[in-house]
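Counting starts at 1 for both ligands and their atoms, following the listed order.
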Amino acid sequence: MQVVHRRQELSQVIDHWHAAEASIAFVPTMGALHEGHLSLIRAARRLATHTVVSIFVNPVQFNDPQDFALYPRHVDADIALLEAEKVDLLFSPEVEDVYPEGIEHLESYDLGRLEQVLEGAYRPGHFQGVARVMRRLLDMIKPEVLVMGEKDYQQCLVVQHLLQLLHMQVSFHMHPTVREADGLAMSSRNSRLTAEDRKKATLIYESLLFIRSHIQQLSFDVLQWHVEQQLKAAGFVVDYVTIVRSRDIQQLNKPINEPMRALIAASIHGVRLIDNMQVYP
Ligand code: AMP
């Protein structure tokens, strides 16, 4: 595996590959890799001749400086995992490689309602940060295929919207959420949970299952109220429990005859977890 840190070096490799008619599947990450990331990478390997992974803890998408400071970083262990997956290239840039112009006064994208609701409401500026880094990484890596995780469902919609906005010919592949044996969605942030909170965290998954199995019988108000009470009783601070129309995360208060998805965001002792699940059909 080639490990590249500088943007100039990256361009040379990418140009060389494209000249040789390679196709590139790209998996952007912030490192602290786990099975969820590796599953995306395995999918990527099947979708193109070459696989590129990036590891970049993007300062521009963190609205909470403490979250940025505490974000787990272990690049050496990550490199070993990526080698084992036969990734062709790891791009692990410094901030100045991604933002040569600096990180003040960056451009904005018209993400519409997608950046105002749910994660957008609780993390102001987050999706502009995601759009800014994705634009730059896509411009540098020039992939044919982009693989991202359903775990961050709203992020997938934002990036799909960005691809349309920028008229980028990149095929978007959303990969299913990979879970621990007890159902907790894998996340780099899980390592920050205490042993006791780690056990409680499975309640988020159980809540999604509860919504899925009761969506035909109970009103949305009752479903949301019940799940919030359960989470609060276990010690979570709940940001949202909501049911949306899958295609545009329009929040719903009654069932529709289209795919629907439940999304939850909740924190326990300062560790914020998100998860979601298709609940209909
Ligand atoms: P991150 O490093 O958290 O920015 O995640 C990098 C990519 O991996 C994103 O597209 C995430 O949605 C995806 N991802 C993270 N956790 C999981 C998971 N448990 N299952 C599937 N994809 C995931």
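Of the protein's non-hydrogen atoms, the one nearest atom 4 (O) of ligand 1 is M30 CG, 3.6 Å. Looking at atom 3 (O) of ligand 1, its nearest protein heavy atom turns out to be Y71 OH, 3.7 Å. The single protein non-hydrogen atom nearest to atom 10 (O) of ligand 1 is G149 N, 2.9 Å, given as residue, atom name and distance. Looking only at protein heavy atoms, the nearest one to atom 12 (O) of ligand 1 is D152 OD2, 2.6 Å. Closest to atom 23 (C) of ligand 1, if we only count protein heavy atoms, is K151 CB, 4.0 Å. Protein heavy atom at the shortest distance from atom 13 (C) of ligand 1 is L40 CD2, 3.7 Å. The closest protein non-hydrogen atom to atom 20 (N) of ligand 1 is V178 N, 2.8 Å. The nearest heavy-atom contact from the protein to atom 6 (C) of ligand 1 is P28 O, 3.3 Å.
Salt-bridge annotation for D97 and R7: absent, with no side-chain N of the basic residue lying under 4.0 Å from a carboxylate O of the acidic one. Ion pairing of D275 with R179 is present here, as a side-chain N (NZ or NE/NH1/NH2) and a carboxylate O approach within less than 4.0 Å. We find that R272 and D239 are joined by a salt bridge, their nearest charged nitrogen and carboxylate oxygen being less than 4.0 Å apart. Checked for salt-bridge contact, D248 and R245 meet the test: a charged N lies under 4.0 Å from a carboxylate O. A salt bridge links R42 with E85: the distance from a Lys NZ or Arg NE/NH1/NH2 to an Asp or Glu carboxylate oxygen falls below 4.0 Å. Using a cut-off of 4.0 Å between Lys/Arg side-chain N and Asp/Glu carboxylate O, R123 and E115 are scored as not salt-bridged.
The ligand atoms of ligand 1 that sit less than 4.0 angstrom from a heavy atom of M186 are 16 (N), 17 (C), 18 (C), 19 (N). Of all atoms in ligand 1, listed by their number and element, those nearer than 4.0 Å to a heavy atom of M148 are 10 (O). Of all atoms in ligand 1, listed by their number and element, those nearer than 4.0 Å to a heavy atom of T177 are 20 (N), 21 (C).
The shortest N/O to N/O separation between S188 and ligand 1 does not fall below 3.5 Å.
Within the structure, ligand 1 lacks S39 among the residues with a heavy atom less than 4.0 angstrom away. Within the 4.0 Å heavy-atom shell around ligand 1 one finds H34.
At a heavy-atom distance under 4.0 Å, only backbone atoms of P176 (N, CA, C or O) approach ligand 1. Contacts between H37 and ligand 1, counted as non-hydrogen atom pairs separated by less than 4.0 Å, involve the side chain only.
Checked options V60, L106, L111; the residue passing with Q128 is L111 (criterion: side-chain contact (heavy atoms from CB on, under 4.5 Å)). Considering L193, T194, L70 as possible partners of V271, the one that fulfils the side-chain contact (heavy atoms from CB on, under 4.5 Å) test is L193.
In this structure, N190 contributes its side chain and A185 its backbone to a donor-acceptor pair below 3.5 Å.
Connection of V244 to V227 is not established within any shared hydrophobic cluster, with ILVMFWY side chains joined at heavy-atom distances below 4.5 Å, either directly or through further cluster members.
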